[in-house]
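Note sheet for the following structure.
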Amino acid sequence: MMKWILALVAIVLALVGWMLFKPQPAADLRPASERPIPSSPYWSENDSWVDADGMTFRVREQGVADGPVIVLIHGFSYSLESFDAWADALAADYRVVRFDLPGHALTGPDPLQRYSVDATVALTAALLDALALDDVTLVGNSLGGLVSWRLAAEQPERVSRLVLLAPGGFSINGVTEEPVAVPAPVAFFMTSAPEAMIGAASTGLFGDPTRMPPDLPSRVHALMRQPGVGQALVERLEVFTLPAPEADLARVEADTLILWGELDRMIPADHGPRFVEAMPSAQLEVLSGLGHVVHEEAPLESLAVVRAFLAD
C-alpha cells in the first residue's frame, strides 16, 4: 500500500513540476502592422495595436470621438479591464483611452525590457504622441497613478487634470531609491500561481472582499499568464524604485484629485496627506470602508467624486 501511495505522490509532484516549469509560449514581439487580432476573450472591437518607441501596446478607445480626452492607467499586474465600469460610464461624455502597460496583459513584454518607472513614463508619453493626445485628463491607480503624476511633472503642458487613485510615490515595502530583491514566493506568484491563489490574494485589494467582482480572479489569472507577462512582472519588480518624491511632486502643475480607500492594505491611506502637502494644487478624498481599488470596489461612489471634480 505504501508503495502505491509513494508512487502516486511522485506522479502528482511530477505533474505539478511539469505544469509550473514546462516551456512557455514565446511572446509576440512583432510590430502592430504584423500582429493579428489575438484569440482572447479580452480583446474587444474597440481594441487596436499601436506602436510607440519600439513597443506595441494594446489600446482601447471608447466614447465621444471629438470629446475631451481621459486616459485611464491601471495598476501593477492588472490590465485595462480594471477600469471597465468607469470607462463605460465616462464614454457618454468623453473620449476614453485605456491601454495595458508594458509587460502587462495583452500588450505583453517590452522587447527591450524597459520596466523602470522612468522608462514606463517615457513609453507612456511616446504612446500619447503616437495617438496625438495632448491636453488630457490622466487617471491612474497605484502603479498607474505613479506613472500619471510623474508624466504630469515631466510634461505639464499635456496634462490638464490629474486623478490619482492610491498612487505610488512614497516608500513602501522597503523600496526606496534602491530596488528590493524579489523573494522567490513573489516570483512564483507572478509566473506560476494558479487562479485560486490569485483570487485569494486579490481579496486583499478590497476593503470588503465580498465586493470583489466574481470574474476578477479568472481575468487577472488569464492575463498574467499571457506569454512572457509573468517574467516581465518579475523584471519590473527587480528594477522598481521609489526615491523621495517631494521635489518631483512639487513640479506637478495640474489640478489634482487624490482618492484613497480608508482600508487600503497595499499603500496606506496616510500617504494621501503627504501627497497633498507636496503638490501645489491637490485635494484628497478618503472613501470610507474601501480598499486599494476604489474604482472596482465602488465604481458609482468613486466616479461621482471624480465627476464633481471634473465639472468644477
Side-chain angles (χ1 to χ4, degrees), residues 27-35 37-38 42-44 46-63 65 67-84 86-87 90-91 94-165 167-168 223 226 228-229 232-233 235-236 239 252 254:
D28 190 343
L29 302 180
R30 291 175 291 180
S33 61
E34 299 177 15
R35 286 203 194 188
I37 293 174
Y42 299 101
W43 183 273
S44 84
N46 297 316
D47 290 1
S48 62
W49 296 121
V50 178
D51 290 332
D53 193 18
M55 181 80 219
T56 301
F57 290 84
R58 191 239 314 210
V59 176
R60 180 172 298 174
E61 297 199 45
Q62 298 168 253
V69 178
I70 290 186
V71 179
L72 308 174
I73 307 180
H74 65 82
F76 177 71
S77 80
Y78 263 39
S79 67
L80 61 78
E81 282 81 8
S82 175
F83 278 103
D84 275 352
W86 274 26
L90 289 167
Y94 297 90
R95 178 183 173 191
V96 183
V97 179
R98 292 180 278 167
F99 61 95
D100 293 333
L101 284 165
H104 287 73
L106 295 183
T107 286
D110 176 16
L112 301 179
Q113 296 177 297
R114 294 166 291 182
Y115 298 127
S116 70
V117 175
D118 286 343
T120 303
V121 171
L123 284 168
T124 300
L127 177 61
L128 298 185
D129 288 339
L131 295 169
L133 296 181
D134 286 303
D135 191 29
V136 305
T137 295
L138 273 186
V139 179
N141 171 230
S142 198
L143 172 61
L146 173 58
V147 170
S148 295
W149 73 254
R150 289 282 301 271
L151 178 55
E154 295 294 333
Q155 300 188 19
E157 70 284 352
R158 84 183 317 159
V159 181
S160 58
R161 296 281 185 96
L162 196 57
V163 178
L164 305 176
L165 314 178
L223 292 171
Q226 292 298 302
V229 166
L233 295 175
E235 292 169 5
R236 179 176 289 278
V239 297
V252 176

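Bear in mind that the values here come from a model prediction, so they are computed numbers and not experimental data.
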Can you tell me how far apart [atom1] ([X]) and [atom2] ([Y]) are? Round to the nearest 0.5 Å.
{"X": "Leu106", "Y": "Tyr42", "atom1": "CG", "atom2": "OH", "result": "9.5 Å"}
{"X": "Asp51", "Y": "Glu34", "atom1": "CG", "atom2": "CD", "result": "9.0 Å"}
{"X": "Leu151", "Y": "Thr124", "atom1": "CG", "atom2": "OG1", "result": "6.5 Å"}
{"X": "Leu223", "Y": "Tyr78", "atom1": "CG", "atom2": "OH", "result": "11.5 Å"}
{"X": "Asp100", "Y": "Gln226", "atom1": "CG", "atom2": "CD", "result": "9.5 Å"}
{"X": "Glu157", "Y": "Asp134", "atom1": "CD", "atom2": "CG", "result": "7.5 Å"}

Which heavy atom of [X] sits nearest to which heavy atom of [Y], and what is that distance?
{"X": "Leu164", "Y": "Gly145", "answer": "CD2-O, 3.6 Å"}
{"X": "Pro38", "Y": "Trp49", "answer": "CD-CZ2, 3.8 Å"}
{"X": "Pro109", "Y": "Leu29", "answer": "O-CD2, 3.7 Å"}
{"X": "Arg95", "Y": "Ala65", "answer": "CD-O, 3.6 Å"}
{"X": "Val229", "Y": "Gly108", "answer": "CG2-CA, 4.0 Å"}
{"X": "Trp43", "Y": "Ser48", "answer": "CH2-C, 3.7 Å"}

Could you go through the side-chain contact (heavy atoms from CB on, under 4.5 Å) check for Asn46 and Glu61 one step at a time?
CA-CA 6 Å; Asn46 297 316; Glu61 297 199 45; 5.8 Å; no

Backbone N/O of [Y] and side chain of [X]: donor-acceptor pair under 3.5 Å:
{"X": "Asn141", "Y": "Leu165", "result": "yes"}
{"X": "Thr56", "Y": "Val50", "result": "no"}
{"X": "Trp149", "Y": "Gly140", "result": "no"}

Is there a side-chain contact between [X] and [Y], using heavy atoms and a 4.5 Å cut-off?
{"X": "Leu146", "Y": "Pro167", "result": "no"}
{"X": "Arg60", "Y": "Asp47", "result": "yes"}
{"X": "Arg98", "Y": "His74", "result": "no"}
{"X": "Asp135", "Y": "Val69", "result": "no"}
{"X": "Leu162", "Y": "Ser148", "result": "yes"}
{"X": "Leu128", "Y": "Gln155", "result": "no"}

Candidate pair Phe99 and Thr107, rule side-chain contact (heavy atoms from CB on, under 4.5 Å), full reasoning:
CA-CA 8 Å; Phe99 61 95; Thr107 286; 5.5 Å; no

Pair Val139, Phe83 - check side-chain contact (heavy atoms from CB on, under 4.5 Å), show working.
CA-CA 10 Å; Val139 179; Phe83 278 103; 4.2 Å; yes

Parallel, tilted or perpendicular, judged at 30° and 60°: which one describes the rings of Phe76 and His104?
perpendicular

With a 4.0 Å cut-off on N to O distance, would you call Asp110 and Arg236 a salt bridge?
no

Could you please spell out the steps behind the side chain to side chain donor-acceptor pair (under 3.5 Å) verdict for Ser79 and Arg58?
CA-CA 10 Å; Ser79 67; Arg58 191 239 314 210; 4.7 Å; no

side-chain contact (heavy atoms from CB on, under 4.5 Å) with Leu143: which of Leu101, Ile73, Thr120?
Leu101

Could you go through Leu123 and Phe57, starting from their C-alpha distance and side-chain angles, then the distance that decides it, and tell me whether this counts as side-chain contact (heavy atoms from CB on, under 4.5 Å)?
CA-CA 10 Å; Leu123 284 168; Phe57 290 84; 4.1 Å; yes

